[in-house]
Amino acid sequence: MAMAALTSSSSAITLLNKPFLPNRSSFFSSDSQSPLLRFSASTSVRSRFPSAAISAVAPKSDINKNETPKIEIEETQVFACPVCYEPLMRKGPSGINLQAIYRSGFKCGQCNKTYSSKDEYLDLTVTADLDDYNEVKPITTELFRSPLVSFLYERGWRQAFKRSGFPGPDEEFRMAEEYFKEAEGGLLVDVSCGSGLFSRKFAQSGKYSGVIALDYSENMLRQCKEFIKNDNTFDNSTNIAVVRADVSRLPFPSGSVDAVHAGAALHCWPSPTNAIAEICRVLRSGGVFVGTTFLRYSPSTPWIIRPFQSRILQSYNYLMQDEIKDVCTSCGLTDYEDYIQDSFIMFTARKP
């Protein structure tokens with residue numbers, strides 16, 4: 001696969017993550033006739049979405065003049081700047097859903113970069129909004145940025161994985177949910193989500209406060225958005241967001257995510273170690289990581305052809321069971337488990 005939410009509430013939005021930018025309330029301010037928005041956060045042991053405290057605050061002089069009081073909104077951002085990892089300030093409606101994200105603007109108070117959903121997804125890559133520079137990734141990434149491959153992914157491409165032992169999306173989803181039981185009610189990030197095959201399933205389950213479909217491929221994300229748009233089980237209140245980001249530079253504060261899923265993805269990442277280290281960084285203590293990928297060869301592959309098969313597939317990072325375990329543990333994850341069927345492996349580990 002390719003590289004690779006705040007539920008709205010009229011009365012309250014729960015505070016989470018560490019405090020940030022307490023003295024930068026002026027970054028998102030309106031003119032003198034409009035409310036002033038200020039964003040901040042408070043520490044939380046567990047990074048859950050729902051959060052908010054909205055209060056009207058006005059100096060006595062303003063009240064005496066019968067002026068409209070300034071509105072101060074304290075809101076925790078689930079997103080962070082991919083450059084400096086500072087939690088982003090947000091101007092716009094709260095919530096992790098397509099409509100709210102599309103109508104919101106995001107800004108980093110540390111490096112002043114701004115981010116928006118000018119396309120069909122929120123672009124939180126380091127290169128967002130650059131006109132004269134387009135970063136080219138290895139072929140394993142660029143392949144899935146192709147409009148044709150993105151279109152075909154759920155229209156025949158993914159189904160072919162069964163020949164390598166993948167049990168199929170429905171069964172893979174059921175297996176993943178077993179591992180994610182302790183993360184229910186929290187924020188789930190589906191990295192390298194492709195066309196959102198599993199992101200949609202996680203969102204439709206209603207078990208998570210927010211689901212973020214995250215990928216590096218612009219065309220995969222457009223397909224994801226299209227599938228959501230054409231599925232009448234989704235509406236504007238469904239807690240799913242579509243985000244473009246690099247799996248080796250995840251746009252989330254450290255310790256802010258409850259669960260990370262990576263379906264058929266690890267072998268496409270330019271550096272699995274960098275990606276898994278990032279996943280470990282963003283997971284909260286006790287957070288769960290579940291991934292699937294192709295093994296370099298299956299247990300039944302004759303030993304005599306294994307070296308040749310490894311050479312043929314060297315453009316992809318096909319690892320073996322022990323290598324995946326070593327990478328996860330070296331990045332700080334514990335309680336590693338896996339399940340193997342032919343060349344298919346599903347593995348899980350957690351943040352201590």
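Residue numbers count from 1 along this sequence.
When all heavy atoms are compared, the tightest approach of Leu214 to Pro251 is CD1-CD, 4.1 Å. Of all the heavy atoms in Ala100 and Ser94, the pair that sits closest is CB-O, 3.4 Å. Taking both residues in full, the closest heavy atoms of Pro82 and Leu124 are given as CG-O, 3.3 Å, listed atom of the first, atom of the second, then distance. Considering all non-hydrogen atoms of both residues, Ser195 and Glu154 come closest at OG-OE2, 2.5 Å. The two residues Leu333 and Pro352 make their nearest non-hydrogen contact at CA-CD, 4.5 Å. Heavy-atom minimum distance, Ser150 versus Gln223: O-CG, 3.5 Å.
Checked against ring-ring contact (aromatic ring centres under 6.0 Å, His included), Phe173 has the following partners two or more places apart in sequence or in another chain: Phe202.
Side chain of Thr127 to backbone of Leu130: no donor-acceptor contact under 3.5 angstrom is found. Ser330 contributes a side-chain N or O that, together with a main-chain N or O of Asp326, makes up a donor-acceptor pair within less than 3.5 Å. Under the 3.5 Å distance criterion, the side-chain polar atoms of Gln341 are matched with a main-chain donor or acceptor of Gly165. With Arg103 contributing its side chain and Gly92 its backbone, the two residues share no donor-acceptor pair below 3.5 Å. Looking only at distances, no side-chain donor or acceptor of Arg174 sits under 3.5 Å from a matching main-chain atom of Pro169. Side-chain atoms of Lys107 do not come within 3.5 Å of backbone N or O of Thr114 as any donor-acceptor pair. The backbone N or O of Gly105 sits nowhere less than 3.5 Å from a side-chain atom of Lys91 that would complete a donor-acceptor pair. When atom types are taken as modelled, the side chain of Ser256 and the backbone of Val78 share no donor-acceptor pair closer than 3.5 angstrom. Side-chain N or O atoms of Gln159 include one that pairs as donor or acceptor with a backbone N or O of Gly156 at under 3.5 Å. Remark: the backbone N or O of Ser209 is paired with a side-chain donor or acceptor of Asn239 at under 3.5 angstrom.
Atom CG of residue Leu98 and atom CD1 of residue Ile228 lie 5.0 Å apart, to the nearest 0.5 angstrom. Ser117 OG to Leu122 CG: the interatomic distance, rounded to the nearest 0.5 Å, is 4.5 Å. To the nearest 0.5 Å, the span separating CG on Leu283 from SG on Cys331 amounts to 11.5 Å. Atom OG of Ser104 and atom CG of Leu88 lie 11.5 Å apart (nearest 0.5 Å). Distance check, rounded to the nearest 0.5 Å: OG of Ser254 to CZ of Arg284 gives 15.0 Å. How far OH of Tyr208 is from CG of Asp190: 10.5 Å, rounded to the nearest 0.5 Å.
The closest side-chain heavy-atom distance from Leu295 to Leu319 is not below 4.5 Å. Considering only heavy atoms from C-beta on, Phe347 comes within 4.5 Å of Cys328 through its side chain. Cys280 has its side chain within reach of Lys351: a pair of non-hydrogen atoms, C-beta onward, lies under 4.5 Å apart. In this structure the side chain of Val243 reaches within 4.5 angstrom of the side chain of Ile212, judged on heavy atoms. For the pair Arg244 and Glu218, the minimum side-chain heavy-atom distance is below 4.5 Å. Using a 4.5 Å cut-off on side-chain heavy atoms (C-beta onward), Ile340 and Gln321 make contact. With contacts defined as side-chain heavy-atom distances shorter than 4.5 Å, the pair Phe180/Lys207 does not qualify. You'll find the side chain of Tyr115 stays beyond 4.5 Å of the side chain of Phe79, heavy atoms only.
Both the sub-6.0 Å distance and the 45° axial angle are satisfied by Arg155 relative to the ring of Phe151. With Tyr216 as the aromatic partner, Arg145 does not meet the cation-pi criteria of under 6.0 angstrom to the ring centre and within 45 degrees of the ring axis.
Ring centers of Phe144 and Trp157: under 6.0 Å apart, within the cut-off.
When hydrophobic clusters are built by joining Ile, Leu, Val, Met, Phe, Trp and Tyr residues whose side-chain heavy atoms come closer than 4.5 Å, directly or via intermediates, Phe227 is not grouped with Tyr102. When hydrophobic clusters are built by joining Ile, Leu, Val, Met, Phe, Trp and Tyr residues whose side-chain heavy atoms come closer than 4.5 Å, directly or via intermediates, Val126 is grouped together with Ile279. When hydrophobic clusters are built by joining Ile, Leu, Val, Met, Phe, Trp and Tyr residues whose side-chain heavy atoms come closer than 4.5 Å, directly or via intermediates, Met175 is grouped together with Val290.
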Candidate pair Ile324 and Ile345, rule side-chain contact (heavy atoms from CB on, under 4.5 Å), full reasoning: CA-CA 10 Å; Ile324 296 173; Ile345 181 171; 4.0 Å; yes

Check against side-chain contact (heavy atoms from CB on, under 4.5 Å), Ile276 and Phe289: CA-CA 9 Å; Ile276 294 178; Phe289 172 40; 4.2 Å; yes

Chi angles and distances behind the side-chain contact (heavy atoms from CB on, under 4.5 Å) call for Val191, Leu250: CA-CA 9 Å; Val191 298; Leu250 292 173; 4.1 Å; yes

Pair Glu172-Lys201, salt bridge (charged side-chain N to carboxylate O under 4.0 Å, His left out): steps then yes or no: CA-CA 11 Å; Glu172 292 167 48; Lys201 290 179 179 293; over 6 Å; no

Evaluation steps, side-chain contact (heavy atoms from CB on, under 4.5 Å), between Cys81 and Gln110: CA-CA 9 Å; Cys81 174; Gln110 182 69 30; over 6 Å; no

Salt bridge (charged side-chain N to carboxylate O under 4.0 Å, His left out) assessment of Asp342 paired with Arg163: CA-CA 9 Å; Asp342 199 9; Arg163 293 199 295 265; over 6 Å; no

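A donor-acceptor contact closer than 3.5 angstrom links the side chains of Asp123 and Thr125. No hydrogens or angles considered: nothing links the side chains of Trp269 and Ser248 as a donor-acceptor pair under 3.5 Å.
Pairs passing the salt bridge (Lys or Arg N to Asp or Glu O under 4.0 Å) check and including a residue from residues 222-235, sequence neighbours excluded, read Asp119-Arg222. Residue pairs meeting the ring-ring contact (aromatic ring centres under 6.0 Å, His included) criterion with at least one partner in residues 324-345, sequence neighbours excluded, are Phe166-Phe344.
Ion pairing between a basic and an acidic side chain is recognised when a charged N comes within 4.0 Å of a carboxylate O; Glu337 and Arg350 show no such pairing. Salt-bridge formation is not detected for the pair Asp338/Lys325: no Lys NZ or Arg NE/NH1/NH2 atom is positioned less than 4.0 Å from an Asp or Glu carboxylate oxygen. Salt bridge Lys113/Asp129: absent, no basic N to carboxylate O contact under 4.0 Å. Comment: Glu278 does not engage Arg249 in a salt bridge, judged by the lack of any side-chain N to carboxylate O separation of less than 4.0 angstrom.
Under the 30°/60° scheme for interplanar angles, the aromatic rings of Phe198 and His261 are found to be tilted.
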